[in-house]
Amino acid sequence: MLIMEANNSNVSRAEELKLLANEAYKAHKFAQAIDLYTQAIEVNSQNAVYWANRSIAHLKLEEYGSAIQDASKAIEVDPKYSKGYYRRGAAYLAMGKFKEALKDFQQVKRICPNDPDASKKLKECEKAVMKLKFAEAISVPVSERRPVADSINYRSIGMGPSTSSMSAEVAVAALAMTVGAAMVMMRTAVTAVMATVVVVVMVALGALWWRGFHGGVYTKSRVHDLDVEPQYSGARIEGDVVTLDFVKKMMDDFKHQKNLHQRYAFQIVLQTKEMLQALPSLVDINVPKGNHFTVCGDVHGQFYDLLNIFELNGLPSEENPYLFNGDFVDRGSFSLEVILTLFAFKCISPSAIYLARGNHESKSMNRIYGFEGEVQSKLSEKFVELFAEVFCCLPLAHVINGKVFVVHGGLFSVDGVKLSDIRAINRFCEPPEEGLMCELLWSDPQPTPGRGPSKRGVGLSFGGDVTKRFLQENNLDLVVRSHEVKDEGYEIEHDGKLITVFSAPNYCDQMGNKGAFIRFEAPDLKPNIVTFSAVDHPDVKPMAYANNFLRLFQ
């Protein structure tokens, strides 16, 4: 009898904690919600709802690894609980693991065959997987790809079909022969699907040829002239030099939601690429005595908050230099405006602004979280490939006056990593899923000593002892990193030896956090942290250009 009463008491207490957690979740206090769900789980670990609810709170904080773990636990507790599969599928989708997500949504459909929402999400996931398979089928081997940048002369931009290494007659003949062969194959039901795929692939290749696709082996570098239209009233670059007057005019145009002409966008991006690819993977920055230097964290396409940073702290210049520490794009729907502004200041003066790569400066993230769709909408498909190439040129880390180590994500899964090891990284590629480069972009600090699994599912978590050893071994004083939203825009951890700075206030229009940046004064480089609140922006929602399937979970 006493045991039953105790059990009933535990169940009631767990439910009370769950309700409190639900209220915190509704108020967008996701970390508090996780803490309360954790308390409920500690009282009653056999309720699948608690695990699934904590999973979605982790999702909101982009802790996809933890979300998958919790959802898997919910499934273990109750294999017929559809929301466990649903939450895990959503986490897999957010990580770009479409095939794994598809399996979970298929299970949701089996459990809830009449649920229209489950059917909708399953359909979107199936489309994503099909698109991925199609992209793999028509992709050009890396060894045969020519950089898009090599095919572009911003003084003469192609609009029509370019000269192709495959003649029109040959292309049409090949397509006709393939279609004919496919029609023959279609006489049997077994080969009908195969024939359809062959036809679609050949039509796609023909379309790529006709559009003058510059990312593979199908084109030469000749492009057609395109003058800036007389009616174009936006910012103009006179000659080869990007000036401050031009950038001010461009920012004002962006503020009023006007686009920059492609000719000038090409010039800015190509000039920036040339500068970035000449840099080492670890850049040393010298701040003379009496001067200052500003470090900003993630901006994530929040252009109007970027303008506010410049209003508060001044425009980038040789006398007022900045380092933007990665994740310039994605999620926010003004990512193109952000990246072109930062690149343009780099063109004015390379020492006025330094740029580091974040985990979102990658094809896989851009495809999911909006930058790819935004670039396609505002510029063209060719710019998608061009930005991907430029992002591979971004340095991975910076050291200020030999004392402050600045990196987007964090530290490493092994001790003994020296600055020379970081300099030696071949960064000119998409981020790998393991190794030093991956960990620089993805890792997070943890409050406990040692190392642990990443709550994101990529990289790792590292404790204060790891930070201390890295600093000592490299004669450094401080680690500055970004990568995580913080309520106050920053957080000081690891006995003051690590600072997280995040510069996207009210992240995604829902987190309610402040933004921050850090000013260092030479020679002592004592960090002076400035916080700020979000400003208004036009009524374009975050993730407006993201993939359809991801928007379904917002």
Side-chain angles (χ1 to χ4, degrees), residues 154 157 159 226 228-237 242-269 272 296 298-313 315-316 324 327-348 353 360-361 366-384 386-387 390 503-511 515 532-548 550-551 554:
Y154 57 79
I157 301 171
M159 289 295 286
L226 173 68
V228 178
E229 298 86 351
Q231 64 269 29
Y232 173 72
S233 60
R236 295 172 180 260
I237 302 173
V242 177
T243 65
L244 181 58
D245 286 342
F246 162 79
V247 177
K248 287 181 177 178
K249 166 65 173 168
M250 180 185 72
M251 289 193 299
D252 188 65
D253 287 347
F254 287 162
K255 186 176 180 180
H256 294 90
Q257 296 184 270
K258 297 178 181 178
N259 290 337
L260 181 68
H261 195 282
Q262 287 194 28
R263 184 248 185 263
Y264 305 122
F266 272 126
Q267 180 170 346
I268 290 169
V269 177
T272 302
C296 294
D298 303 36
V299 178
H300 274 301
Q302 297 184 195
F303 176 69
Y304 295 83
D305 293 307
L306 175 66
L307 293 182
N308 188 39
I309 291 173
F310 293 153
E311 184 72 24
L312 295 170
N313 197 56
L315 295 175
F324 282 84
D327 280 13
F328 322 118
V329 301
D330 280 340
R331 294 194 177 273
S333 295
F334 303 95
S335 292
L336 181 63
E337 290 81 354
V338 167
I339 197 66
L340 287 177
T341 298
L342 298 180
F343 280 6
F345 276 113
K346 188 72 176 174
C347 291
I348 293 176
I353 191 166
H360 274 267
E361 277 70 57
N366 297 162
R367 187 173 298 123
I368 298 170
Y369 290 100
F371 185 59
E372 179 178 297
E374 182 180 345
V375 171
Q376 290 169 336
S377 175
K378 295 178 180 178
L379 287 174
S380 70
E381 179 69 34
K382 187 181 292 185
F383 272 96
V384 173
L386 182 57
F387 275 115
V390 180
S503 302
N506 194 25
Y507 182 44
C508 292
D509 283 0
Q510 66 173 351
M511 297 300 289
F532 57 95
S533 298
V535 297
D536 292 337
H537 63 77
D539 189 21
V540 182
K541 303 300 182 185
M543 305 286 282
Y545 299 94
N547 261 317
N548 287 336
L550 200 61
R551 288 204 299 271
Q554 297 304 300

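No experiment lies behind these values; they were computed from the predicted model shown. Computed over heavy atoms, backbone and side chain alike; hydrogens, waters and symmetry mates excluded.
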Please tell me whether His537 and Phe303 form a close aromatic pair, meaning their ring centres lie under 6.0 Å apart. no
Determine whether a donor-acceptor pair (N or O, by modelled atom type, separation under 3.5 Å) exists between the side chain of Ser333 and the backbone of Ala544. yes
Tyr369 side-chain N/O to His360 backbone N/O, donor-acceptor pair under 3.5 Å: no
Please check: side-chain N/O of Asp330 versus main-chain N/O of Phe371, any donor-acceptor pairing under 3.5 Å? yes
Can you check whether Phe334's main-chain N or O pairs, donor with acceptor, with Gln302's side chain at less than 3.5 Å? no
Is there a donor-acceptor pair closer than 3.5 Å between any side-chain N or O of His256 and the backbone N or O of Lys258? no
Working to the nearest 0.5 angstrom, can you tell me the gap between Leu260 CG and Arg236 CZ? 11.0 Å
Test item: Leu307 and Val535 side chains (from C-beta on) under 4.5 Å apart, heavy atoms: no
Tabulate below the donor-acceptor pairs under 3.5 Å that side-chain atoms of residues 248-255 make, not counting sequence neighbours, or state none.
unit_1: Lys249; atom_1: NZ; unit_2: Asp253; atom_2: OD1; d: 3.2
unit_1: Asp253; atom_1: OD2; unit_2: Ala235; atom_2: N; d: 3.0

Please examine the side chains of Glu361 and Asp327, heavy atoms only from C-beta on, and report whether any two atoms are closer than 4.5 Å. yes
Shortest non-hydrogen pair, Phe532 vs Ser503, comes out as CZ-O, 3.8 Å
Any sub-3.5 Å donor-acceptor pair from Glu374's side-chain atoms to Ser335's backbone N or O? yes
Under 6.0 Å between ring centres, would you say that holds for Phe328 and Phe387? no
